[in-house]
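In what follows, every chain begins at residue 1, and chains take the letters A, B, ... in the order their sequences are listed.
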Amino acid sequence: MSYAQKAERRVERRRGWSLARRDALFGYLFISPQVLGFLVFVVGPIVAVFVFSLSERNLLTGQSTFVGLENYAWMFTADPVFRKVLVNSLVFTAGLVPLNIVLALVLALLLSRRRPGVTLFRTLFFAPVVTSAVAWAIVWRFMLQNESGTINQLLQLAGIDGPNWLREENWAMASVIVTRVLKNVGLNMIIYLAAIQGIPREYGDAARVDGANGWHVLRHVTIPMLAPTTLLITIITIVGSMQVFDHILLMTGGGPANATMVLVYYIYQQGFEFFATGYASSLSVILFIVTLGLTLAHWLLRGRER
Amino acid sequence: MSSLSANRRLGAVLWFASLLLLALPFVFPFWWMITSSLKSASEVFAFPPTILPETWQWRNFVDVFGYQPFARQYFNSLYIAALVTAGTILVSSLAGYAFARIRFPASSLIFLLLLSALMMPSEVTIVPNFFFMTFLGWVNTHIPLIVLPIFGANGVVGTFLMRQFFLSLPGEIEEAAMIDGLGRFGIFWRIALPIARPALGALAIISFLFSWNLFLEPLVFINDLELFTLPLALNNFTDNYGLPIWHLQLAATTLSVLPVLVVYIIAQRQVVESFAMSGVKG
Amino acid sequence: MRRIKAFLLTLALLLVTAGTALAQGETLRFSIWSGNQAHLDMLNGFAESFRETHPGVQVQLDVIPFADYVQKVTLQLAGGNPPDIGWLAEASAPTFIEAGVLADVSGALEGDSEYDFQDFSQSALGLWQQGDVLYGIPFSNSPLIVYYNADMFEAAGMETPDVLAERGEWTWEKFREVANATAEATPDGVYGYEQSDGEGYGSRVWIAITPMLRAFGSDAWNDQGECLLDSPESVEAMTLYHDMIFEDESIVPPGERADFFSGNSAITITQLSRTAQLQGAGFDWGIAPLPSGPAGQVAIVGQAALVVFKNAPNRDLAIEFAKHITSQENVATMAQFFPPARRSVLESDAFLQSNAIVSPEDMQIIADGIINGSVVPSHPNFPRIDASARPIFDQLWRPNADVGSVLGQVCDTISPLLASD
């Protein structure tokens, strides 16, 4: 018997309670604040959202009437905005994720060289990540104004007539995507950086000895070795893109003509601007299901790697 | 030989140039924010745009405080973020330690359930939470802004982080302590926590920024100007018609961003590593 | 000895805090949508005179921009944190009344002979009364009027709207002509016409289009809950409007700002209360009635009332304050900005003289507008109608919009909301 096990037995005999019992007590005690809070403020509301989605609750009158699955029926068959919202959410995610990942990879590769100035640039690219989303959106909204915005003014100096970035439907979506990517790409960049720096130099060196140039090393060694990281970042970024609300609220207010209205924003609008909290709850259920699905996918993919 | 080093120099120049170009859209907004906040209301829209203000309107920064109770709002954000950080550290380190170092039934299952909150956007639960807070009488107070991050997604991230860290500790420390007669809480408080300082630092940074940048919850729960947090306050520099008073709004934004930026630049390695720790998520 | 000292100290502290609490008195929260200093000064003046009969009462003015007003107040009500008293616009009156969140103020008003409730005109009370119950005290019965920048008209060589109106030539076609001429005679960034408060594509869109719709014989919707936006007359009116924005480019386009009161537009159509912004204006200005159309001369009136919220913390005190603000004396003071609902004030000479910078002749235009005017459209479902219509209107504010088709879509969307009651 090891010294530790003997010590355990001694402690047990002294206290009279088995270590296992005491551990269980302390275990539950220690996790109780987190778990209880989680139950009250997360699980409870999620259950409530399901319940609320079955009724029509008006925020102003405070009355609620049970309507069964009517909210869902309306959502899928009769709500023209919902279809647009789903498409917008898809477009937003499909636009944001590839742009973000590619840019993050490019930046990480550039910064993986040991050259003077690397730290400075890394600091610059990461700065928007620590800035508040409100501040970032306010400054970009200012710069993207039509006549008097900085971007269009600069373009005019070059003789180009810039579009109304935030008020023309397609440009609005593009502007929102690009500015959001700029805000968060630094995060993915440093994850890639850590992964790149974890690739043993031998692989690249061996390839070079065999005559491969920089591009070949990149395509056939580095990027394949980064595949697990890429997978992770992709899922995290997809899920993150589905949660973007304040950025869009502040830049375009969901417009023009609902062109940038995504699901998360639609929930807020239905609940707190239209006061249809029952319908907002049913939309929340949809968002919950989608997010859960993606989380499970993430979990499965990660599990498979282990 | 010379062509190789010439190639290398060309490569270095290209490298630097492309980084410079790429860095523009990241840096320019900060530059423009700071310089615009020093311009007068009309110069802000001057064409052609001026790189530096013609006259440096320092009074914009003074006017910001006169427009609404900005100092109070700044303080609100600060103390709420401090409370959230302290609370998250306490709750998460306790839970993280337990999940990592204490064996108790169903601990893995419970932990997995907790993780499900990580990806859940707060918009999913905001409607019921609004009714719940109304019921508790906590609407138009700061309590939801403190409590929700500590126990919600931010807290779970913290628990995850701390569990990761504590898992990496060798087991002998606790065994020795137990022999010395320290109970579980004593071990946690006197031994585990002091060792965990790097992880706690990371958690503090992440929690502070999370609370500092919250927008949806204050938007929904706070009515009174005096109780606004910075994100709400920034959005409120509007004229009677609801349109932004740009030079004031940008000045206020500068005031809110600069301190964070300065701290970030000073401690940037630790900040970046904190996010890397949470981002990689084991 | 120490315990006695401690006890006395605690007692003293308690007395001091209780004393200050008593001395402070109650605070009434009063939500309004105007942040204009002249308006605020006037309301604070009423608060001060209220303190003569109700010492220690503080009035806290909560300014919420018009575009967010209904939403913010609703959130406050839903969150159990209602204001005591507030302004409410005509468009949302049915919504709030039906929701049952407004207190009945009739009891406090009707018995009082000095207050003289009979003095209030029926047309002003209409929206706020249901049988014996009174949900709000109207304080503003304000027609939409044309403000024009006389200097710009002179520069463009155009006759001013009031002169044209006297000759009966002030039509929407003429409006188009003068807007175009003034826009062309002025530099880029200065326009012929700016909609009310610059919110013509946002929260004031109904104020922007109703004058035209009614002048052409149509409306947004009728009393039977039928949407009229897709009628031929509406399409005609809105096509004219659209052409002015995108062909003539004489109207401030979406996303731009050209504030009339800063001298950046030749015309704006809004209400009397905005004269507060003309103090020290750097240009010559005047007032004219709305342009007429195929259906003749129309006057459109916007109404607002003081409402007290049923669950207000200081409800009875708030009702007293509302009564105070709408006393005959104070209504006469408000008349310079808010045309009164009290007949005695409206019909007095004092009314015509009440505004320091508006001539009695021009004030007569206001008075005429009230007598002949129809109220801006309202509906119990207005917040949702407004919120669902506006994104569709957005499609109209584009150069190549198919006006008829977009208006048809608006009607498709809001008809179910108009019908449900």
Side-chain angles (χ1 to χ4, degrees), chain A residues 4 7 11 23-24 26-28 30-31 33-35 37-38 41-42 45-46 48-49 52 107 110 121 123-128 130-135 138-140 142-143 148 150 153-154 157 182 187 190-191 194 239 243 245-246 250 264 267-268 271-272 277 280-281 284 287-288 291 295, chain B residues 15 19 23 25-27 29 32-33 45 47-49 91 94-95 97-98 102-105 107 110 114 116-117 119-121 123-125 127-129 148 151-152 155 159 175 178-179 184 209 212-213 215-216 220 231 234-235 246 249 253 256-257 260-261 264-265 268 271-272 275-276 279-280:
Chain A
V11 167
D23 267 1
F26 275 99
Y28 288 128
F30 279 22
I31 68 170
Q34 177 71 72
V35 172
F38 175 74
F41 295 111
V42 179
I46 290 182
V49 150
F52 286 179
L107 292 177
L110 281 172
F121 279 112
T123 312
L124 290 178
F125 291 128
F126 198 76
V130 298
T131 314
S132 84
V134 174
I138 285 177
V139 177
W140 274 105
F142 170 67
M143 295 201 298
S148 29
T150 322
Q153 283 183 338
L154 291 175
L157 287 178
L182 289 174
L187 200 56
I190 56 158
I191 296 179
V239 174
Q243 304 181 8
F245 164 67
D246 40 15
L250 291 165
V264 146
I267 294 174
Y268 170 78
F272 294 100
T277 47
S281 298
S284 303
L287 181 61
F288 172 78
T291 313
T295 312
Chain B
W15 175 86
L19 271 178
F26 291 86
V27 176
W32 205 245
M33 172 187 75
F45 295 119
F47 183 75
V91 170
L94 265 175
Y97 175 77
I102 306 181
R103 236 174 292 150
F104 57 96
S107 71
I110 299 179
L114 270 186
S116 64
M119 308 257 197
M120 204 53 58
E123 286 79 6
V124 168
T125 51
V127 169
N129 266 326
L148 287 176
F151 297 107
T159 302
E175 291 175 2
M178 272 198 278
I179 293 164
R184 275 295 180 188
L209 283 177
W212 186 257
N213 294 336
F215 184 67
L216 176 68
V220 164
L234 289 183
N235 201 33
W246 285 115
Q249 195 174 61
T253 309
S256 73
V257 167
V260 175
L261 265 187
Y264 161 66
I265 290 176
Q268 54 106 0
V271 172
V272 170
F275 276 90
V280 177

Contact part of A/Thr131 toward chain B, heavy-atom cut-off under 4.5 Å: side chain, backbone, both or neither?
both
Contact class of A/Ala280 relative to chain B, heavy atoms under 4.5 angstrom
side chain
Interface check, chain A: of B/Gly152, B/Pro231, B/Ala23, B/Pro29, most non-hydrogen pairs under 4.5 Å belong to B/Pro29
Contact part of A/Val130 toward chain B, heavy-atom cut-off under 4.5 Å: side chain, backbone, both or neither?
both
Whatever's closer than 4.5 Å to a heavy atom in chain B on A/Phe38 counts as both
Working to the nearest 0.5 Å, report the span between OG of A/Ser132 and CG of B/Leu234.
6.5 Å
B/Phe151 and A/Phe41 aromatic ring geometry - parallel, tilted or perpendicular at 30°/60° bounds
parallel
Quick check on A/Ile138 against chain B: is it the side chain, the backbone, both or neither that has a heavy atom closer than 4.5 Å?
both
The interface call for A/Leu124 against chain B, heavy-atom contacts under 4.5 Å, is both
Measure distances from A/Phe272 to the heavy atoms of chain B and classify the residue's part below 4.5 Å as side chain, backbone, both or neither.
side chain
If you define the side chain from C-beta out and look only at heavy atoms, does anything of B/Phe215 sit under 4.5 Å from A/Val134?
yes
For chain B, which candidate among A/Phe125, A/Phe52, A/Phe26, A/Phe288 shows the most heavy-atom pairs at distances under 4.5 Å?
A/Phe125
Between chain B and each of A/Ile267, A/Ile190, A/Leu110, A/Val239, count heavy-atom pairs under 4.5 Å; write down the option with the most.
A/Leu110
Counting heavy-atom pairs closer than 4.5 Å to chain B, which one of A/Phe245, A/Phe126, A/Trp140, A/Tyr268 comes out on top?
A/Phe126
